[in-house]
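Below is one structure, written out as structure tokens; comments come after it.
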Amino acid sequence: MTYRNILIAPFILFAMLIVMAIYWWGYKSPIIGVDDANIYFVYMRNFAEGNGFVWNTGGERVEGFTSLIWTLFGALAYFIAPTYFNVILLIANFLLIFFTLRSVLNFSRRLNGTEREPLTAIDMLIISLLVLPLGFIEWGIIALMETGLWTFLIVHLTLQLCQYCLDSKGFNAAKFSLMIILLDLTRPESMALGLVFIAVLFVLFLSKEGQSRAWKAALAPLVLHLGTLASVVLWRLSYFGYPFPNTYYAKVSGSFTDNIVSGVQYLFRFFYSYPHAAIAIGVLVLFLFLLAQRFRTLRGTVNSEEKVMAVLLVVVFTGLALPVVTGGDHFLYSRFYQPFLPLVYLAVTWGYFWREYVGLSIQPKRLSMIVLVLPVIFGILFFSKFTMFDLMKKRDSVNFNILADFFIAQNGRKLAEKMNETFDGVYPSLGALATGSIGYSYKGRTIDLLGLNNTTMAHANSIK
């Protein structure tokens, strides 16, 4: 590390803190996260207090959370500091996103040959694309859900594969395998995504070191991946009675057609909401086509840079496809796509492909790059359908462009406390739709009318 790129970390930290301050004001100090994070909190508290994975103390065992490892981490945080465990989760997410952005910028500098520069236009462009539109910081940090960890693992697994393409030194198999295990414990989509990472690893070794080395490199991660998934499924069957989380049965339709229709709508809402991301992905489609043409012309011979781009494209387009298959999501800001955006912007700002494939040669260190990038950064403030200006509106008004789940959580806590005062010792069962914050604060039994935390409702109808 040179004395110049020491500025990268302070630059990222400064940008994140400024944006966090704006969000903190706009969302009225969202220290308890979104309502779905409060669902996690209920399980974290119950597990930490020795009641197991239950929604209501003494009630049925139910896996109403999506991320096992995030629940266990939160339970540990609650056990250590019950009053401030949510602050621990916030700090953890902040650090995960910080180190993710630092890794992305450092790798971008390596790709663009700007390692010795103090700050570059590309640094500012990538950070602006991520933090100025609403979505990435909310879901990655202040929502207090597992998205920060999910983003960290996806990005670092991808970058490790990319670095192997460029480096002559050995591959850190232990680090890769550990991240695969963590990926498996973070979200159910890792069943497919983990296999994609391992398949890419195999192909890279096959092209670089031969078939024997490829099998040796991929075997351990594959065994650990399958072993971890099998262990989790067997544990679920023995503990809950079902192989998948209850959230899967509550959200994913038994009709593949329904899932595809909803998933395609989700993808198009993402493109509509983030036109700049849609343009970037369109450019990557062009790169994919040109790369495939070159691969066919040269009969499978590609250089290291083209392998790196191939890795990025495989991960990005897999990330785009997964929510389409599972039916997407109802939350604002396309949370399932946010973890892949750092890789999208890393790939689209790589000067090599613009120069070699498009014929546009702009040196990253020259004034022309700054002149090109500054208007784009300014435009980012307006491109997205969800911008900082939505947070500047009167905060007590109804604003459908901001993530209302923060306010649902805050109001749910207040409502539950008022009901505790009203019933004062004799607490009737309470049914609720947005049940996370109410379930955490209400002293009586709560019934989740959406079925996330109720197996009877989740399994009542497989067609959603």
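This structure is a prediction, so every number in the text was calculated from the model and none was measured.
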Just wondering, more than 12 heavy atoms not from Tyr84 lying within 6.0 Å of its OH? no

Answer whether the closest heavy-atom distance between the side chains of Phe244 and Pro188 falls below 4.5 Å. no

Pairs of donor and acceptor atoms involving the side chains of residues 442-451, under 3.5 Å and at least two apart or interchain, shall be tabulated with distances.
from   : atom 1 : to     : atom 2 : distance (Å)
Tyr442 : OH     : Pro428 : O      : 2.7
Thr446 : OG1    : Trp55  : NE1    : 2.9
Asp448 : OD1    : Leu450 : N      : 3.0
Asp448 : OD2    : Leu452 : N      : 3.0
Asp448 : OD2    : Asn453 : N      : 3.0
Asp448 : OD2    : Asn453 : ND2    : 2.9

Kindly assign one of parallel, tilted or perpendicular to the pair Phe240 and Trp235, based on the angle between their ring planes and the thresholds 30° and 60°. perpendicular

Which heavy atom in Gly135 sits nearest to a heavy atom in Tyr274, and how many Å separate them? CA-OH, 3.8 Å

Using the salt bridge (charged side-chain N to carboxylate O under 4.0 Å, His left out) rule, take Lys208 and Asp167 through it: C-alpha gap first, then chi angles, then the decisive distance, then the call. CA-CA 11 Å; Lys208 196 173 182 179; Asp167 292 339; over 6 Å; no

In terms of ring plane angle, is the pair Trp350 and Phe353 parallel, tilted or perpendicular, where the classes change at 30° and 60°? tilted

When Tyr43 is tested against each of Asn51, Val62, Val54 for side chain to side chain contact (heavy atoms under 4.5 Å, CB included), which residue passes? Val62

If the threshold is 4.0 Å, N to carboxylate O, is there a salt bridge linking Arg236 and Glu63? yes

Per the ring pair (Phe, Tyr, Trp, His ring centres under 6.0 Å) rule, which among Tyr337, Phe386, Phe331, Phe340 passes with Phe270? Tyr337

Could you measure the distance from the CD1 atom of Ile8 to the CG atom of Leu13? Nearest 0.5 Å is fine. 12.5 Å

Between Ile97 and Gly140, the two heavy atoms sitting closest are CG1-O, 3.7 Å

Please say which of Val264, Thr257, Asp258 ends up in a side chain to side chain contact (heavy atoms under 4.5 Å, CB included) with Ile260. Val264

Between atom OG of Ser437 and atom CD1 of Ile39, what is the distance when rounded to the nearest 0.5 Å? 9.0 Å

Measure the spacing between CZ of Phe289 and CZ of Arg294 and express it to the nearest 0.5 Å. 14.5 Å

Can you see which heavy atom on Tyr345 is nearest to which on Ala277, and at what distance? OH-CB, 3.5 Å

Apply side-chain hydrogen bond (donor to acceptor under 3.5 Å, both in side chains) to the pair Thr326 and Glu189, showing each step before the final yes or no. CA-CA 9 Å; Thr326 57; Glu189 293 91 336; 5.3 Å; no

What are the two closest non-hydrogen atoms of Val311 and Cys165, and how far apart are they? CG2-SG, 4.2 Å

For the atom pair CG (Leu105) and OG1 (Thr120), what is the distance rounded to the nearest 0.5 Å? 7.5 Å

Separation between CZ (Arg335) and CG (Leu332), nearest 0.5 Å, reads 12.0 Å

If the condition is side-chain hydrogen bond (donor to acceptor under 3.5 Å, both in side chains), which residues does Asn401 pass it with, not counting sequence neighbours? Asp390

Is the shortest side-chain heavy-atom distance between Ile180 and Leu153 below 4.5 Å? no

Main-chain N/O of Ile438 paired to Ser441 side chain as donor or acceptor, under 3.5 Å: no

Start with the C-alpha gap between Leu161 and Phe197, add the side-chain angles, then the distance that decides, and say whether side chain to side chain contact (heavy atoms under 4.5 Å, CB included) holds. CA-CA 8 Å; Leu161 292 172; Phe197 280 121; 3.8 Å; yes

Could you walk me through whether Phe136 and Tyr333 pass ring pair (Phe, Tyr, Trp, His ring centres under 6.0 Å), step by step? CA-CA 8 Å; Phe136 184 77; Tyr333 305 160; over 10 Å; no

Begin with the C-alpha distance, continue with both residues' side-chain angles, and end with the deciding distance and a verdict on side chain to side chain contact (heavy atoms under 4.5 Å, CB included) for Leu403 and Leu134. CA-CA 9 Å; Leu403 197 59; Leu134 302 184; over 6 Å; no

Within this structure, what is the CG-CG distance for the pair Leu111 and Leu166, rounded to the nearest 0.5 Å? 6.5 Å

Minimum heavy-atom separation for Ala218 to Ile198, with atom names? O-CG2, 3.9 Å

Can you say whether the rings of Tyr27 and Phe406 are parallel (under 30°), tilted (30 to 60°) or perpendicular (over 60°)? tilted

A quick test of your reading: do over 12 heavy atoms of other residues, nucleotides or ligands sit less than 6.0 Å from CZ of Phe47? no

Hey, mind stepping through Phe94 and Ile142 against side chain to side chain contact (heavy atoms under 4.5 Å, CB included) and telling me if it holds? CA-CA 8 Å; Phe94 186 91; Ile142 61 178; over 6 Å; no

We want to know whether Glu146 and Tyr40 form a side-chain donor-acceptor pair, criterion being a heavy-atom distance below 3.5 angstrom. yes

Applying the ring pair (Phe, Tyr, Trp, His ring centres under 6.0 Å) criterion to Phe65, which one of Tyr248, Phe53, Trp70 satisfies it? Phe53

Considering all heavy atoms of both residues, which atom of Leu201 and which atom of Ala217 are nearest to each other, and what is their separation? CD2-O, 3.6 Å

Is there a side chain to side chain contact (heavy atoms under 4.5 Å, CB included) between Trp150 and Ser67 once you walk through the steps? CA-CA 10 Å; Trp150 186 240; Ser67 176; over 6 Å; no

Tyr242 vs Tyr249, test: ring pair (Phe, Tyr, Trp, His ring centres under 6.0 Å). Steps then yes/no. CA-CA 10 Å; Tyr242 299 100; Tyr249 300 103; 5.7 Å; yes

If we count only N and O atoms by modelled type, under 3.5 Å, do the side chains of Tyr440 and Asp35 hold a donor and an acceptor together? no

Considering residues, nucleotides and ligands other than Phe98, do more than 12 of their heavy atoms fall under 6.0 Å from its CZ? yes

Ser384 and His276 side chains, donor-acceptor separation under 3.5 Å: no

